[in-house]
Structure formats: structure tokens, C-alpha cells
Amino acid sequence: MVKVSLSQFNYMRLYHFLNAKYALDDIKKKRIKISLIPDLNDPFELWTINLPNPEHRRLWKSTVEELSKSFGVICLSRKWNNPLLWSHYADKHFGICLGFDVNDQLIKEINYRKSKLPVCLDLKKPKGGLNQEQMQEILYTKFSDWGYEDEVRVVVKLSTPEINSEDPSKSLYFSDFSSQFNLKEVIVGVRSDVSKVQIENALQDAKYSNVQILKARLAFKSFRVVPNLSGFSS
């Protein structure tokens, strides 16, 4: 993890894994896709509270559906060297990892738990009577087995002017890169045949400078992904 100070804000180096084609496209268009809550790979997203009977489950189902229409998330990791992250989110190491300096006021860490949150819903009140603090806690809680991701999140409201939808019919939402979400690294996966020239061309199209380009390799003495100091093969 790298933490730097720019102006009056603190910025944290965070990583986003994706398919190579989408990574190159996002670099050129200077944007990052916002994940919608129903599309996240953890079926327990927002279902991290005790729901003891059908009435509680019905109330919470409608609450989750309402929240999912209004908010999306950008999922990031503090690290890029875990091979599971490449396998699960970067096309089995054929993809690319983008490293950003992100204003730490935009992010919140995930709280990993072995058991569900001991929240009690009030069936007579909207959203079970939960306050904003409780809703925030639910949004940033995951089962402890997901801890290997070392995840932090940027939660975004889909209706804000900064959010653009390329194709509303397909519910594709993107957030533009900015000074508070600044691209600093492009790491090409172990199995990827994407060349350094392709990355340089994409960065040039976006008028980006001072971005480090790395090729990854498997570590020789540990189960980690590390920089290939020999660079790209072509």
C-alpha cells in the first residue's frame, strides 16, 4: 500500500482488476466502470444482517432493491500481488490491473466478519428503521472468507452529474478519471500478450503521462505475483 499527500488531501494507491480489452478501452476513455449491487459476485451483498422470519426478509428484500437502483460501487484492493485477485477479476491472469491514487475521503474499508451483523429491523418503519450509520455498516460488511481481497470501496450515487451511462438500456455506468481518482500504474498480467506499445498508445490517446507500466510474473519463492524486472518479451 502506498499513501501519498497531494495538496490538502491524502491519496492511497489502490488497484482495480479487469479484462485486458476493457482495461485498454477504459484507459483511452479515462473512465472506470461502476458495479451495480445485483451484479457483484457475492450473493450476500447487503444481506449481512440477521433476518429471523419471512416478514423481515420481505421488508429487507424491498429495501435492497430500492438501494440497488440508486447506488453503485467501485471495488478496489490495497494490493495487486495476490494471485487469486488476478484469477477471479483479471481474466485468469490474461487481464490487466490499473493502479490509482485515490482521495482517501472517497473510500471506506470493508469490514470482514465471521457472523452476520446483529441488526434488528422494525417492521413498522421504512427500511426497518435503520439509520444512516447502520446502513453504511451493512454496505461495507462482508463475510470473512472474502478477506483475501483486502477491499476498499467507493460508493457512488448513480444520479450524480459526474456519472455517465454509455448505454442506459444495459445499465452500464462509468465514472471518469479525475485528480481525485488518478491513474498511476498499468500492470499487465502474467499470461497476457498485451504489449507495452499497446499500453503506451492507449495512454497517449488519453494524454496521460507519468504512468508506470509493468509486466507481471509469478514469484520464484512464494505464491505471489511480482514485477517482471526483465520487462516485456516484445
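Numbers here are sequence positions counted from 1.
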query = Got a sec, which residues hit side chain to side chain donor-acceptor pair (under 3.5 Å) with E65, two or more places apart in sequence or on another chain?
reply =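 Only K61 meet the side chain to side chain donor-acceptor pair (under 3.5 Å) criterion with E65.
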
note = Those residues at least two apart in sequence (or on a different chain) that pass side chain to side chain donor-acceptor pair (under 3.5 Å) with N103 are Q180

key: For the student: nearest non-hydrogen atoms of W86 and G189, plus distance   =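 Here W86 and G189 meet closest at CZ3-CA, 3.4 Å.
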
Between the main-chain N or O of [Y] and the side-chain N or O of [X], is there a donor-acceptor pair closer than 3.5 Å?
X: D91; Y: H93; result: no
X: S62; Y: L59; result: yes
X: R153; Y: V155; result: no
X: N50; Y: P52; result: no
X: S77; Y: Y15; result: no
X: K28; Y: L203; result: no
X: R191; Y: K92; result: yes
X: H16; Y: C75; result: yes

Stepwise salt bridge (Lys or Arg N to Asp or Glu O under 4.0 Å) test for D25 and K21 = CA-CA 6 Å; D25 197 41; K21 178 182 180 298; 5.6 Å; no

Could you tell me whether the side chain of [Y] reaches within less than 4.5 Å of the side chain of [X], counting heavy atoms only?
X: Y140; Y: T48; value: no
X: R78; Y: E151; value: no
X: V186; Y: Q212; value: no
X: F181; Y: L76; value: yes

Distance-only check: which donor-acceptor pairs under 3.5 Å involve side-chain atoms of residues 131-139, not counting sequence neighbours?
unit_1: N131; atom_1: OD1; unit_2: E133; atom_2: N; d: 3.2
unit_1: N131; atom_1: OD1; unit_2: Q134; atom_2: N; d: 2.8
unit_1: Q134; atom_1: OE1; unit_2: N131; atom_2: N; d: 3.0

request  = Check the pair Y89, N41 against side chain to side chain donor-acceptor pair (under 3.5 Å), reporting the backbone distance first and the verdict last.
outcome  = CA-CA 10 Å; Y89 301 110; N41 61 358; 2.9 Å; yes

task = Using a cut-off of 6.0 Å, state whether more than 12 heavy atoms not belonging to F44 lie near its atom CZ.
result =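 Check fails, neighbour count at 12 or below.
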
message = Would you say NZ of K33 has more than 12 non-hydrogen atoms from neighbouring residues, nucleotides or ligands within 6.0 angstrom?
response =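 Atom NZ in K33 is not packed in, count stays at 12 or less.
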
message = Using the rule given for salt bridge (Lys or Arg N to Asp or Glu O under 4.0 Å), can you reason through D176 versus K30, listing the C-alpha separation, both sets of side-chain angles and the distance that settles it, and then say yes or no?
response = CA-CA 6 Å; D176 294 336; K30 304 177 75 169; over 6 Å; no

ask   = Would F100 and Y11 count as a close aromatic pair, with their ring centres under 6.0 Å?
value =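 No, the ring centres sit 6.0 Å or more apart.
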
